[in-house]
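Reading through the structure tokens given below for one structure.
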Amino acid sequence: MGKVAIKANALIKWFGEGETKTTAVKSASFEANFGELLYIVGPSGSGKTTLLSMISGILKPNEGNVLVEGKDIWKMKSDDIADLRLHKIGFVFQDYHLFPRLTTVENVAIPLILKKMDWNEAIKVAMEYLDIVGLKDRAQLPPVKLSGGEQQRVAIARAIAGKPDILIFDEPTASLDGDTGKKIVEFIKTKILNPDRCVIIVTHDSRIYEFADSIMKMEDGKITAFERNTLQYV
Amino acid sequence: MSGILKIALKLLVNDRSKFIALLVGITFAVFLMIMMMSMFSGILSRSSASVYNIGAKIWVMDPAVNNATSSIPMPDYVLSKTRSIDGVKYAVPIYFGNALVKLKSGAYQAVSVVGLDDATLYGRPELIEGKIEDIYAESAFFVVKDAEFKKLENPVIGTEFEINDHRGLVVGLAKVASGGLFGIPTVYTTYNRAITYIPSMRFTTSYVLIEPKSEADIPFIQQQVKKLGYQALTRDQFVGKISDFYTYQTGMGMNVLMMTAISFIVGLSISGQTFYTFILENMERFGALKAIGAKGHELIAMILFQASFTALLGYGIGVGLASGLMILAKLRLPSYAAQVTYFNLTFAFVMVLIMAGVSSYIGIRKVLQIQPFDIFRG
């Protein structure tokens, strides 16, 4: 296993105040390493997405800290956290959140454009990533013309185009059929994951557990199990 | 153009229905504002046509006069007294009046008559046909060849008409800088012929026109004329007085102001509402951009760019449409009083910037509120 990519220490997050106060994550601590495909699993409402948001610099924890490649991200300024997300972390959202008014290749180019890459150069690089996910021939179509699996791959291409060290997937197979879901995760495992990259997947789809290097189980805001050998866990 | 702005442009332009609705709203508002203000500018400019056409530096008048064509005749001593004021190079009387002329066809036509000082012909128009000295011939008149000229049945030199049972003879055709407001032709003759031909009150001098020895003498001349109980105004002051009259004392200014305000409100409502809807529909995209790593100022730049681009395009189309309509109207109706001024353009531009600013403000507030976490939660 490689170096530590993300280290979460005693993360606590609650929402609301007084009688409406709900604690979504209760003192969660774990490590994710480079070269590792980590699953965060658990039922709906168990705090998976909240935990994911805290470790990726999107939601500030009430207590605890997050070290990304050794840096405490929640001690950074908001613009620096945005920079960290742009340069170090790639996201694949559950609903993909592709831009319907842009072409597929323009969607993939977004992180590159945010990194101030020249438009034409960004499109050229994005085209290479579309090739990696096998959608080069769909480059000029709007995302709405693509199937669910293809949109998922576009979202993956967009996430990896910025060459992030950490990739985060939120329910990547939730809206895909079983076969397509398996193919997508297999693709992630074989093509996207590498020794210099950490991939974290939030899911409750047990059909794809077989691809995980590690599985962290959450229930009611707590980490209830952490196995670094998926086969044993399953 | 930076990449982030190009994304903003594509998000805006590719959403055709919203983009067109935004453009229509702003274009419509600009079109209405420019049209209303240009018509008013045209009216104000035409209302001061005589002042511009005569070109005198100082006009002496009864203080109650509020526009050039409604003069209040002054006694003769005003002329002699003004001539004796220090700093006056020369002073001449001028007559402004209206009369009915009977044309060759037998039809009657109202005309505006300007009677020029017999000795100097001060304030005479530029002749395009005929000789200036012919004005001294019997019954001689110059006719101004402007948009109203054809109402006199397109007279030529030698055409005769009747004016108040007197014979009138066209001895020259003239041109002036600006046509009048009331759509009637203008004829020029000598002062004495004018007061002879046209029934007058006891006093006949409409205005005394003064040429000062120098600009520095003007305040003193004004002071001395005031002591006589009359008012001496420079050309710009007289134009200003006429404009004030039409703006504040006829209700015309208030009507135009209200129409302009309504146009602005309509434009602001349409563009503001549509832009707000556009932002709402793109909310999750802005949230996704934020999650990916876009900074707040980049999102603000995107929204400002989208609002400004639409506003400037709408402004350009609105100004173009208004100008085009005015050109068409002038082709059909040469006396159509509307003119696009720099003030009108600047005013409409500022209004459009306010529309863009308000729309942007609403959008920016909304976009800055969205948290990337909301995107994760779906």
Side-chain angles (χ1 to χ4, degrees), chain A residues 13 15 24 48-54 56-60 77-91 93-103 106-107 109-123 142 155 158-159 161-162 164 168 170-171 174 202, chain B residues 1-23 274-275 277-303 305-306 309-310 363-364 367-378:
Chain A
K13 182 69 191 177
F15 299 101
K48 306 187 296 291
T49 301
T50 304
L51 180 62
L52 195 70
S53 302
M54 289 191 288
S56 57
I58 278 175
L59 184 68
K60 190 170 185 177
K77 291 176 185 168
S78 61
D79 273 4
D80 293 335
I81 297 175
D83 261 341
L84 177 107
R85 289 201 298 267
L86 181 61
H87 291 93
K88 299 278 183 192
I89 304 172
F91 295 98
F93 307 106
Q94 184 175 345
D95 299 326
Y96 318 136
H97 290 297
L98 300 174
F99 289 62
R101 309 289 177 198
L102 302 180
T103 62
E106 287 165 351
N107 267 282
I110 285 173
L112 304 170
I113 289 162
L114 287 176
K115 285 181 171 182
K116 315 284 186 230
M117 189 182 279
D118 169 70
W119 181 272
N120 292 331
E121 180 65 17
I123 295 293
R158 182 175 69 183
I168 289 174
D170 190 21
E171 303 282 4
V202 162
Chain B
M1 188 191 299
S2 86
I4 193 88
L5 298 186
K6 206 163 180 178
I7 291 175
L9 182 67
K10 280 173 178 272
L11 289 178
L12 175 73
V13 175
N14 291 349
D15 190 349
R16 286 200 187 141
S17 57
K18 292 275 179 326
F19 182 54
I20 289 170
L22 272 171
L23 263 188
T274 312
F275 197 68
T277 312
F278 170 79
I279 294 292
L280 279 187
E281 285 185 7
N282 282 288
M283 208 59 172
E284 62 180 57
R285 271 111 220 172
F286 284 111
L289 279 176
K290 229 173 176 178
I292 290 169
K295 296 179 188 74
H297 68 83
E298 287 173 322
L299 299 180
I300 290 172
M302 284 177 81
I303 291 170
F305 178 73
Q306 287 169 330
F309 178 80
T310 317
I364 287 168
V367 164
L368 290 183
Q369 277 169 5
I370 189 165
Q371 295 300 322
F373 179 58
D374 299 328
I375 300 300
F376 264 117
R377 280 199 298 196

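By convention in this document, chain letters (A, B, ...) are assigned in the order of the sequence lines, proteins followed by strands, and residues within each chain are numbered from 1.
Only the backbone of Leu98(A) comes within less than 4.5 Å of a heavy atom in chain B; its side chain stays farther off. Interface residue Leu86(A): backbone and side-chain heavy atoms are both found under 4.5 Å from chain B. In this structure, chain B has heavy atoms under 4.5 Å from both the backbone and the side chain of Thr50(A). Neither the backbone nor the side chain of Leu12(B) comes within less than 4.5 Å of any heavy atom of chain A. At a 4.5 Å heavy-atom cutoff, the contact between Leu59(A) and chain B is made by side-chain atoms alone.
When all heavy atoms of Leu102(A) and Lys10(B) are compared, the pair lying nearest together is CD2-CB, 3.5 Å.
For Lys115(A) (side chain) and Gly162(A) (main-chain N/O), a donor-acceptor pair under 3.5 Å exists by modelled atom type. Panel note: side chain Gln94(A), backbone Asp170(A); no donor-acceptor pair is recorded below 3.5 Å.
Ring pair Phe91(A)/Phe93(A) is parallel by interplanar angle, where below 30° counts as parallel and above 60° as perpendicular.
Among the candidates Pro164(A), Ala159(A), Pro100(A), the residue making the largest number of heavy-atom pairs closer than 4.5 Å to chain B is Pro100(A). Per-residue heavy-atom pair counts under 4.5 Å with chain A were compared for Val13(B), Leu11(B), Asn282(B), and the maximum is reached by Leu11(B).
The side-chain tip of Lys290(B) does not point at the ring of Phe286(B) from less than 6.0 angstrom away and within 45° of straight on.
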Query - Intermediate values then yes/no, salt bridge (charged side-chain N to carboxylate O under 4.0 Å, His left out), Arg101(A) and Asp15(B) - result: CA-CA 7 Å; Arg101(A) 309 289 177 198; Asp15(B) 190 349; 3.4 Å; yes
